[in-house]
There are 2 protein chains.
Amino acid sequence: MSISPYSYSGSKPKASIRLAANSCPFNTACEGCSSRHISLCNVLDSNDLKSFSKLSTDFQKAAKQIICAEDEKAEHIYNIRSGAVRLSKMLSDGRRQITGFLFAGDFFGLSCKDKYSFTAEAITEVKICRFNRTKIIESFQDYPRLGERVFDMTRTELNSTHDQMLLLGRKTAKEKLCSFLIIMKEKSGRINVRDENEVDIPMSRSDIADYLGLTVETVSRQFTNLHKLGLIELDGAHRVFLKNSKALLALAEGE
Amino acid sequence: MSISPYSYSGSKPKASIRLAANSCPFNTACEGCSSRHISLCNVLDSNDLKSFSKLSTDFQKAAKQIICAEDEKAEHIYNIRSGAVRLSKMLSDGRRQITGFLFAGDFFGLSCKDKYSFTAEAITEVKICRFNRTKIIESFQDYPRLGERVFDMTRTELNSTHDQMLLLGRKTAKEKLCSFLIIMKEKSGRINVRDENEVDIPMSRSDIADYLGLTVETVSRQFTNLHKLGLIELDGAHRVFLKNSKALLALAEGE
DNA sequence: CGATGGATTGAACTGGTTCAAGTGGAGTGG
DNA sequence: CCACTCCACTTGAACCAGTTCAATCCATCG
């Protein structure tokens with residue numbers, strides 16, 4: 001199997017590292033991304049992109065570092081250049097729900113109003129491009145296609161949260177894990193096209209559990225279970241080979 | 001207790017009734033709505049509203065009728081003038097997840113792309129105002145504030161689906177029902193301000209169950225449970241008096 | 001009045017959790 | 001290079017919150 005595009009270093013959080021100014025507004029030429037990912041570059045011409053890159057700050061975060069926190073004033077929007085990020089919400093006693101995993105090309109912070117409605121944390125080492133929210137939103141007037149694109153992305157996100165509500169409310173543990181693997185397969189194809197059935201799982205079992213509304217133990221048991229059924233092959237905890245993704249999809253949809 | 005603004009008739013579905021042309025584009029003056037609900041009228045002047053009303057068709061549906069179905073071509077957007085609507089998604093074996101309850105002033109269909117991503121059904125008798133999606137979306141160019149408002153509504157919706165994901169994935173049955181009552185209290189205040197602690201529950205126990213990811217029996221037991229705890233008073237199945245909404249809110253947040 | 005269908009209640013059951021004990025792989029330091 | 005530590009992951013076994021199945025209740029309607 002090939003080398004993972006993520007880094008799984010178990011190292012402790014370090015201070016975030018400011019990167020040298022560069023040319024990646026809206027992920028125009030971000031590393032590790034195939035052309036298929038959702039990007040904003042194709043709605044702006046190269047001159048406009050130059051002016052946008054002046055508005056951006058690039059930085060880097062190590063795994064486990066917080067990028068922005070729930071209830072914090074929402075001053076920025078973020079675009080992931082590489083790595084993986086999780087968005088989550090918490091109850092006061094620490095119960096956590098992960099509302100989404102994000103990868104190279106993905107945006108977050110756009111749908112917030114005055115405060116962030118989630119906490120964003122780096123799962124792997126990430127490179128991130130940050131913009132001033134107010135300036136970006138104001139620029140929708142001058143660049144209507146940009147605004148349309150952002151609206152479009154928000155709609156797509158809303159539709160997928162509805163799918164996730166069906167998963168959380170009505171699917172069994174087995175169906176949940178199959179759905180997760182199918183989702184990861186699709187995202188993975190977007191980021192790095194190797195064998196499309198070879199899927200990287202950068203997040204921990206506990207992240208997966210909090211995404212699916214399960215416990216770590218149940219997630220682990222279901223991985224074992226799917227392996228015993230001959231549907232997947234495991235290569236460590238962070239790489240899965242989907243031996244029969246058609247059957248997995250059927251299971252995911254409860255068929 | 002006062003008279004409910006909904007009708008709970010158990011009558012069988014009838015054909016949808018076309019209403020006479022009227023003056024309610026974007027719920028400008030919809031019946032039963034307080035001024036607090038989300039409306040689009042305040043981003044358009046009266047002349048613009050007149051031209052929008054030409055684009056609209058008003059109609060009425062009896063309880064249990066389908067307004068639009070999942071996977072159907074998304075030709076319209078809808079605005080509820082009165083009554084209650086449920087949006088849901090289904091698995092092939094019939095398991096259902098209700099993604100939202102909508103009331104007077106609410107829109108739906110805006111976040112869809114080519115197909116509806118949900119089924120919308122009337123819970124009570126509803127009056128609905130319908131627009132051609134393409135025309136509305138095109139009009140964002142001439143009425144940018146309208147587009148902004150729609151984007152804003154989509155963001156609000158996205159944020160509340162994230163709260164619902166936390167509920168579905170991580171809350172207990174008791175916490176789920178408390179959250180539901182608090183949500184209904186807030187919506188209810190928007191529609192008809194009487195005693196703010198007197199809440200109408202137009203939907204069935206089975207709708208509530210499918211909204212909270214529970215079974216009818218559990219919902220019913222939790223109603224009884226909250227009653228025994230002295231937190232609510234029940235007046236039939238469709239009206240609840242919140243005796244201690246502070247305590248209910250605390251329970252809803254898992255405190 | 002009986003029929004119908006939603007709501008409630010009871011009792012048995014179970015999928016997923018909880019608690020507890022291993023296992024294994026990566027990093028550390030001698 | 002090996003031994004030790006740490007921590008994420010796995011596995012096992014007991015438990016329980018919520019489901020399932022089965023009455024029963026009760027309001028509405030023809």
Side-chain angles (χ1 to χ4, degrees), chain A residues 4 6-14 62-64 93-96 123-124 167-178 201-228 232 234-240 251 254, chain B residues 4 6-14 62-64 86 93-96 123-124 167-178 180 201-228 232 234-240 251 254:
Chain A
S4 165
Y6 310 106
S7 94
Y8 302 128
S9 91
S11 59
K12 303 288 168 289
K14 301 157 197 157
K64 297 178 191 178
D93 62 1
R95 277 175 288 171
R96 182 179 70 150
I123 292 173
T124 62
L167 176 147
L168 290 167
R170 289 299 179 216
K171 289 188 184 176
T172 64
K174 191 191 202 176
E175 289 163 355
K176 285 177 175 181
L177 190 64
C178 292
I201 311 287
M203 62 292 287
S204 68
R205 294 293 185 261
S206 127
D207 285 343
I208 301 173
D210 286 345
Y211 180 62
L212 300 177
L214 297 170
T215 58
V216 215
E217 291 93 333
T218 303
V219 169
S220 182
R221 276 185 251 272
Q222 291 304 328
F223 267 113
T224 312
N225 191 219
L226 294 180
H227 175 64
K228 281 181 186 163
I232 61 171
L234 290 158
D235 175 21
H238 296 285
R239 185 181 298 271
V240 184
L251 278 173
Chain B
S4 165
Y6 311 106
S7 94
Y8 302 129
S9 92
S11 59
K12 303 287 166 291
K14 302 156 196 157
K64 296 178 192 180
R86 63 171 176 249
D93 62 0
R95 278 174 288 171
R96 183 178 69 152
I123 291 174
T124 62
L167 176 147
L168 289 167
R170 289 297 178 218
K171 289 187 183 175
T172 65
K174 191 191 202 176
E175 289 163 354
K176 285 177 176 182
L177 191 63
C178 292
F180 170 74
I201 311 288
M203 62 292 287
S204 68
R205 294 292 186 261
S206 128
D207 284 343
I208 301 172
D210 286 345
Y211 180 63
L212 300 177
L214 297 170
T215 57
V216 214
E217 293 91 335
T218 304
V219 170
S220 183
R221 275 185 252 272
Q222 291 304 329
F223 266 114
T224 311
N225 190 220
L226 293 180
H227 175 64
K228 280 180 186 162
I232 60 171
L234 289 158
D235 174 23
H238 297 285
R239 185 182 297 271
V240 184
L251 278 174

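- In terms of phosphate contacts, A:Thr224 brings a side-chain nitrogen or oxygen within less than 4.0 Å of OP1 or OP2 of D:dT11.
- Distance CG/A:Leu214 to CG/A:Leu177: 8.0 Å, rounded to 0.5 Å.
- Screening B:Leu226, B:Val219, B:Asn225 against B:Phe223 for a side-chain contact (heavy atoms from CB on, under 4.5 Å) leaves a single residue, B:Val219.
- Using a distance-only test at 3.5 Å, with no hydrogens or angles considered, no donor-acceptor pair links the side chain of B:Arg239 to the main chain of B:Pro202.
- With rounding to whole Å, B:Met203 atom CE is found 16 Å from C:dG6 atom P.
- Spacing between atom CZ of A:Arg239 and atom C1' of D:dC9 amounts to 18 Å, rounded to whole angstrom units.
- D:dC25 atom C1' lies 18 Å from atom CZ of B:Phe223, rounded to whole Å.
- A:Arg96 forms no cation-pi arrangement with A:Tyr211, by the criterion of a distance under 6.0 Å to the ring centre and an angle within 45° of the ring axis.
- Rounding to the nearest 0.5 Å gives a distance of 7.0 Å between OG of B:Ser204 and NE2 of B:His238.
- Summarising the geometry, the separation between CG on A:Leu234 and P on C:dG24 is reported as 15 Å, rounded to the nearest angstrom.
- Taking a cutoff of 4.0 Å between a charged side-chain nitrogen and a carboxylate oxygen, A:Arg170 and B:Asp210 qualify as a salt bridge.
- Two end axes, each from the C1' atoms of five base pairs, can be drawn for the helix from C:dC1-D:dG30 to C:dG30-D:dC1; they diverge by 30°, to 10 degrees.
- A:Lys176 and A:Leu212 get closest at one heavy-atom pair: NZ-O, 2.9 Å.
- Between the NE2 atom of B:His227 and the P atom of C:dT8 there is a distance of 11 Å, rounded to whole Å.
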### Query
When every nucleotide of nucleotides 16-23 of chain C is labelled 5' to 3' by its protein contacts under 4.0 Å (heavy atoms), B for base, S for sugar-phosphate only, - for none, what sequence of letters results?
SBBB----

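- Protein atom NZ of B:Lys228 is 12 Å distant from nucleotide atom P of C:dT8, rounded to whole Å.
- The CZ-P distance, from B:Arg205 to C:dG5, rounds to 19 Å in whole Å.
- Of the candidate nucleotides C:dT8, C:dT9, D:dC9, D:dC9 has the atom nearest to the side chain of A:Ala237.
- Between the CG atom of B:Leu177 and the C1' atom of D:dG18 there is a distance of 14 Å, given to the nearest Å.
- For B:His238 and C:dG6, the shortest distance from a side-chain N or O to OP1 or OP2 is not below 4.0 Å.
- To the nearest 0.5 Å, atom OG1 of residue A:Thr224 and atom CG of residue A:Leu234 are 7.5 Å apart.
- Here salt bridge (Lys or Arg N to Asp or Glu O under 4.0 Å) pairs that include residues 211-224 of chain A, with residues two or more places apart or in two chains, number zero.
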